[in-house]
J.: 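Got a structure here, written out as structure tokens. Questions coming.
For this chain, numbers begin at 1 and follow the sequence in order. Being a predicted model, the structure only gives us computed values, none of them experimental.
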Amino acid sequence: MGASMRARDWEGSPLGHPAHWPAPLRTSIGTMLNSRHPMYVAWGPELAFFHNDSFIPILGRRHPVLPGIPMVELWPDLWDKIGDLVARVMAGESVWQDDFPVVMSRNGHPEEAWFTFSWSPIHDDNGQVGGLLCACMETTGEVRNRSQVAVQLGLADRLRRLFDNAPSFMAVLREPGHVYEFANASYRQLVGDREIIGKSVREALPELEEQGFISLLDRVYATGEPYVGRAVRVMLRRGPDEAEEELFVDFIFQPICGADGQTNGILIDGSDVTDLVRARERSACLVELGDRLRDLNDTGEIAQAAAELLGRTLGVCRAGYGRVDPSGQLVTVERDWSDGTASSIAGVHRFRNYGTFAATLHRGEILVIPDVAVDPRTADTTQALSQIGVAALINVPVIEDGRLAAVLYIHSSEPRTWSQREVDLIRDIADRTWAAAERARSESSLHRLNRTLEEQVAERTRDRDRMWRLSTDIMLVARFDGTIIALNPAWGTLLGWTEDELIGTSFLDLVHEDDVAATTGEAARLNKGLVTLRFENRYRHKDGSYRWLSWAAVPDETYIHAVGRDITAEREALDALRTAEEALRHAQKMEAVGQLTGGVAHDFNNLLQAILGNLDMLKDKLERQDALEGRDDLLRHVRFATQAGDRAAILTQRLLAFARRQPLAPTSLNLNALVGGMQELLQRSVGEAIQVEAILSGGLWRTWADANQVENGLLNLAINARDAMPSGGKLTIETANTHLDNTYVTAEFGLTPGEYVVLCVTDTGSGMSPDVLARAFEPFYTTKPIGQGTGLGLSQLYGFARQSGGHAAIYSEEGKGTTVKLYLPRHHEAVQAEPIVPALPEPEPAQEGETILVLEDEGLVRMLLVQTLERQGYRVIEAHEPQAALDALETEPKIDLLATDVGLPGMNGRQVAEIARRLKPGIAVLFLTGYAHNAALGDEPLSPRTQVLSKPFNARALLTKISAMLESGG
């Protein structure tokens with residue numbers, strides 16, 4: 001029969017594939033097929049019939065029988081006889097029959113037969129009766145041979161073996177006295193394998209008497225009526241030294257009647273449903289928790305409700321929640337639940353005061369301590385725990401974002417062995433309570449944030465569905481072809497369209513033309529049942545502008561349901577951020593180029609110093625030798641070389657201007673006066689084909705800047721404009737006051753917020769391409785032909801503006817002209833008269849014994865300095881590096897002046913000067929630098945005894961400066 005069952009195709013049967021059959025059915029069929037005793041199983045509403053090989057002779061010619069055939073179809077001629085018995089079994093009653101007579105047709109003709117059988121209900125996974133198990137023996141021959149007693153004895157023995165292997169627990173009591181005559185293995189396991197055979201129930205299981213079970217047996221014996229119990233609680237002791245354990249059982253007490261109709265025994269049949277009951281209790285507890293938490297929005301009330309439910313369910317003295325601070329050392333309890341025997345522990349507590357278990361909780365592990373006096377983690381703090389009435393405890397950690405965020409605690413005032421089901425229940429309640437608390441906190445924050453908006457929307461849309469009308473996001477219901485079926489009022493607020501204007505139209509008509517293809521593709525995905533979590537496109541506002549929307553959408557069988565959020569501000573902020581980042585990268589690039597340019601200019605100034613210095617000495621020698629042949633011709637060549645060197649010096653000054661290392665002479669300027677004074681020069685410079693217009697602001701603030709640099713910059717801008725307008729045009733020069741706020745200057749220029757004066761130069765020329773505009777301020781970058789521009793005009797303007805505390809900016813489009821804006825800081829101080837620069841006096845010859853220490857790492861420059869000073873009569877000590885200079889300062893008894901380069905390898909000139917002043921107080925210091933004063937010396941204060949000289953310089957300037965410094969100390 002097992003082979004027959006395996007061969008059948010079960011997919012089309014009501015039972016389905018055997019792999020999905022309930023476990024009790026598979027167990028019963030397995031027991032039946034492996035038994036040599038005639039047995040069958042009937043299962044389900046159809047009473048699908050299965051039998052083993054030993055049952056085949058009983059079937060006679062009805063065999064073979066298709067496995068799973070309904071029982072009524074197999075035994076239609078017996079149903080009037082057995083139908084009521086089957087109904088009793090399916091109602092949960094076990095049925096036993098001795099020598100049951102039937103008239104059946106199994107060999108082609110009716111015949112009388114007798115059977116002894118036991119029908120037992122089979123319970124499904126939910127504890128309901130799902131079918132029946134029959135163990136039977138045909139006793140026809142025995143009845144006919146009058147050997148009923150012998151047959152019954154043999155049958156009883158066989159049935160006893162069968163019962164012993166049955167999955168349910170079974171026992172037979174001999175009456176009167178309820179004496180155990182038989183108990184199968186499942187029953188013996190249930191009662192803890194105690195010696196019960198031959199003993200009365202009262203003697204074998206004395207704990208049952210107080211629970212009323214013996215009274216029930218007495219009633220069954222006296223009335224002859226069976227008793228059925230469902231999920232009945234029973235306390236059983238599984239061992240002689242063990243405490244009573246709570247179990248739940250389904251059972252039936254079925255009377256066994258003799259031939260005289262009197263009850264001579266009781267059959268006990270049942271199943272242990274403890275796990276099922278526990279699961280139901282746990283589910284009921286969690287359902288009750290969900291019901292109680294559903295309408296709570298206060299986190300304290302949520303924790304209190306969970307603690308109370310858990311405390312009452314477990315029968316403990318205290319339960320509660322505590323939030324853990326970010327340090328992980330303190331827990332704050334707002335309130336907790338108590339059964340009345342323990343006081344509240346609301347307040348702030350430190351973990352270490354109650355044991356060494358904090359690490360366990362931080363790892364996310366549940367803490368279970370049956371006895372705090374014994375557990376090594378709490379044994380040393382038993383007194384502190386006793387003061388708050390704790391003898392046993394459970395702590396369940398709640399982990400959030402990888403850290404311990406809260407603890408659910410359960411306290412027992414007596415030592416207690418915690419079961420795994422209790423631990424699991426506590427953990428489940430902790431998780432649900434924490435989730436409910438987080439939900440309440442989130443909802444509270446959301447309500448506070450949207451309260452004002454909800455009030456406004458509710459006033460306008462009270463006649464429509466609350467969620468539909470309160471949403472600030474636009475909501476849409478549409479067909480898959482794009483036809484709009486419904487939309488919420490937010491469309492009017494966000495896009496200006498009314499419901500009447502859009503219902504029946506296609507939403508694709510509102511989508512930006514560049515986004516139509518992607519939107520159509522996304523609608524096709526929705527038509528396939530896929531969900532849209534984030535899709536961005538642009539929708540047309542009624543005024544013709546567009547808004548960026550982020551969509552989430554889900555389809556059903558007919559429509560698309562979508563919610564769109566306005567992300568226009570986010571996109572604009574993102575674009576602004578990208579612009580600011582690009583400006584920052586540009587500023588960093590310009591700073592790096594400036595540092596490189598400044599370094600090149602510095603080194604070039606050293607070379608120019610050597611070149612021009614030697615030319616100066618050569619010129620001086622030639623002028624002293626009157627009779628030298630060809631002297632005038634040589635002087636002419638020297639002058640040409642000097643002029644070229646001076647032009648190179650001007651070039652380095654422009655490089656230093658871009659690098660913000662040029663020497664500036666700032667004064668308080670009125671840009672209106674400066675522009676007015678240059679207007680005629682500018683007109684001559686650009687020619688008659690270009691109209692020059694000056695728009696000068698009234699009440700213009702004064703600014704603090706170098707007038708020569710402003711004039712040079714304005715002239716360079718005018719020339720650049722002229723070259724951009726070869727066919728003529730208009731050049732507009734404007735002045736204005738402006739105030740730059742923090743957001744603008746940070747994102748755009750990186751300036752200090754405040755008041756600035758703007759000089760704006762605009763032409764109507766050819767403009768710049770984006771690539772040219774991006775490089776316009778770079779030094780040596782030019783679009784002019786070779787020989788017509790150095791590429792330093794705009795870079796010098798940019799460096800001058802930044803060095804002056806301002807900024808230069810260019811705005812240009814191809815074919816639409818160019819605007820250059822120069823921002824200079826406002827000057828608030830009173831106007832001062834421009835200082836009169838006196839002509840350099842003739843240098844005085846050196847006094848006897850005056851000694852100068854020259855520190856210069858460039859050999860040519862150092863040689864030039866030494867020769868120039870020695871010719872003037874000074875005693876000169878030369879040093880090529882800082883340590884040589886320090887050695888001279890320590891050994892030489894007298895040094896009147898230190899002439900030192902600023903940029904030196906290792907120790908710089910300022911550091912050498914500081915040491916020199918300590919070694920020789922009163923020494924004069926002359927700094928020589930290829931940078932500007934402020935770039936080279938920073939905050940170094942200048943005085944008559946501390947001066948600076950920028951390279952390249954001539955011999956007269958050097959000697960005059962040194963002569964004045966030495967006289968100031970005398």
Side-chain angles (χ1 to χ4, degrees), residues 1-5 7-8 10 12-15 18 21-22 24-26 28-124 129-144 151-152 155 158-159 162 166 254 269:
M1 290 311 301
S4 177
M5 290 179 63
R8 179 179 175 182
W10 293 95
S13 70
L15 292 177
W21 290 357
L25 173 59
R26 296 199 303 269
S28 300
I29 290 178
T31 301
M32 173 197 72
L33 292 177
N34 290 308
S35 175
R36 299 179 62 183
H37 193 84
M39 297 179 68
Y40 65 85
V41 171
W43 182 266
E46 298 289 335
L47 292 175
F49 189 87
F50 305 87
H51 64 88
N52 61 3
D53 292 352
S54 299
F55 194 79
I56 293 175
I58 298 176
L59 292 171
R61 292 185 181 180
R62 298 184 191 227
H63 185 74
V65 175
L66 181 67
I69 184 174
M71 187 174 178
V72 68
E73 295 181 16
L74 179 64
W75 301 108
D77 51 337
L78 297 181
W79 204 250
D80 290 340
K81 183 77 172 180
I82 66 174
D84 292 338
L85 295 176
V86 171
R88 287 168 56 189
V89 177
M90 294 302 292
E93 180 182 347
S94 296
V95 174
W96 174 295
Q97 291 290 331
D98 289 329
D99 296 330
F100 186 77
V102 295
V103 177
M104 58 190 301
S105 178
R106 53 179 172 176
N107 293 309
H109 56 83
E111 60 179 280
E112 189 177 25
W114 285 264
F115 294 88
T116 296
F117 59 88
S118 169
W119 282 350
S120 300
I122 304 174
H123 295 84
D124 60 18
V129 176
L132 61 88
L133 171 66
C134 177
C136 67
M137 175 66 69
E138 183 173 358
T139 61
T140 303
E142 288 80 358
V143 170
R144 289 173 178 173
V151 172
Q152 286 179 339
L155 177 61
R158 292 182 184 180
L159 290 177
L162 175 64
Q254 176 68 41
D269 182 26

J.: Could you report the tightest heavy-atom contact between Ser54 and His37, atom names first, then the distance?
T.: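 In this case the closest contact between Ser54 and His37 is CB-C, 3.8 Å.
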
J.: List the atom of Ile56, the atom of His51, and the distance in Å for their closest heavy-atom pair.
T.: CG1-CE1, 3.8 Å

J.: Taking everything shown except Glu93 itself, do over 12 heavy atoms lie less than 6.0 Å from its CD?
T.: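 Yes, CD of Glu93 has more than 12 neighbouring heavy atoms, counting only those of other groups under 6.0 Å.
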
J.: Under a 4.5 Å cut-off applied to non-hydrogen side-chain atoms, are Asp98 and Thr139 in contact?
T.: no

J.: Would you say that Thr116 contacts Gln97 through its side chain, given a criterion of any heavy-atom pair below 4.5 Å between the two side chains?
T.: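 No; the side chains remain at least 4.5 Å from each other.
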
J.: Side-chain contact, heavy-atom cut-off 4.5 Å: Phe50 with Met32?
T.: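 Yes; the side chains approach each other to less than 4.5 Å.
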
J.: Can a donor-acceptor pair be found, under 3.5 Å and without considering hydrogens, that links the side chain of Asp269 to the backbone of Ser94?
T.: no

J.: I want to check something: taking the side chain as every heavy atom from C-beta on, are Trp75 and Arg62 in contact at a cut-off of under 4.5 Å?
T.: yes

J.: Is it the case that over 12 heavy atoms from other parts of the model lie below 6.0 angstrom from the CZ atom of Arg8?
T.: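 Above 12, so yes.
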
J.: Is the Phe55 ring parallel, tilted or perpendicular to the Phe49 ring (thresholds 30°, 60°)?
T.: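 Correct class here is tilted.
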
J.: Does Met39 offer a backbone N or O that forms a donor-acceptor pair with the side chain of Asn52 under 3.5 Å?
T.: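 It does hold such a pair.
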
J.: Can you find a heavy atom in the side chain of Glu73 that is under 4.5 Å from one in the side chain of Glu46?
T.: no

J.: If every non-hydrogen atom of Arg106 is compared with every non-hydrogen atom of Leu59, which pair is closest and at what distance?
T.: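 Heavy atoms only, the tightest pair is CB-O, 3.5 Å.
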
J.: Is the closest side-chain heavy-atom distance between Trp21 and Trp43 below 4.5 Å?
T.: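 A side-chain contact is absent here, since even the closest heavy-atom pair is not under 4.5 Å.
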
J.: How long is the gap from CG on Asp53 to CG on Leu33, to the nearest 0.5 Å?
T.: 7.5 Å

J.: Testing the basics here: between Ser28 and Ile122, what is the closest heavy-atom pair and its distance to 0.1 Å?
T.: OG-CD1, 3.3 Å

J.: Run the numbers on Val72 and Leu47 for side-chain contact (heavy atoms from CB on, under 4.5 Å), then give the verdict.
T.: CA-CA 8 Å; Val72 68; Leu47 292 175; over 6 Å; no

J.: For Trp119 and Ile82, which heavy atoms make the closest approach, and how far apart are they?
T.: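 That would be CH2-CB, 3.9 Å.
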
J.: What heavy-atom pair brings Val129 and Pro121 nearest, and what distance separates the two atoms?
T.: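 Closest approach of Val129 to Pro121, heavy atoms only: CG1-CB, 3.9 Å.
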
J.: Could you give me the CA-CA distance, side-chain angles and deciding distance for Phe117 and Leu85, then say whether side-chain contact (heavy atoms from CB on, under 4.5 Å) is met?
T.: CA-CA 12 Å; Phe117 59 88; Leu85 295 176; 4.3 Å; yes

J.: Is there side-chain contact between Pro67 and Trp10, with heavy atoms separated by less than 4.5 Å?
T.: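 Counting from C-beta outward, Pro67 and Trp10 do come under 4.5 Å.
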
J.: Apply side-chain contact (heavy atoms from CB on, under 4.5 Å) to residues Thr140 and Glu111 and explain how you reach the verdict.
T.: CA-CA 10 Å; Thr140 303; Glu111 60 179 280; over 6 Å; no

J.: Would you say the side chain of Val86 lies within less than 4.5 Å of the side chain of Trp79, judging by non-hydrogen atoms?
T.: yes

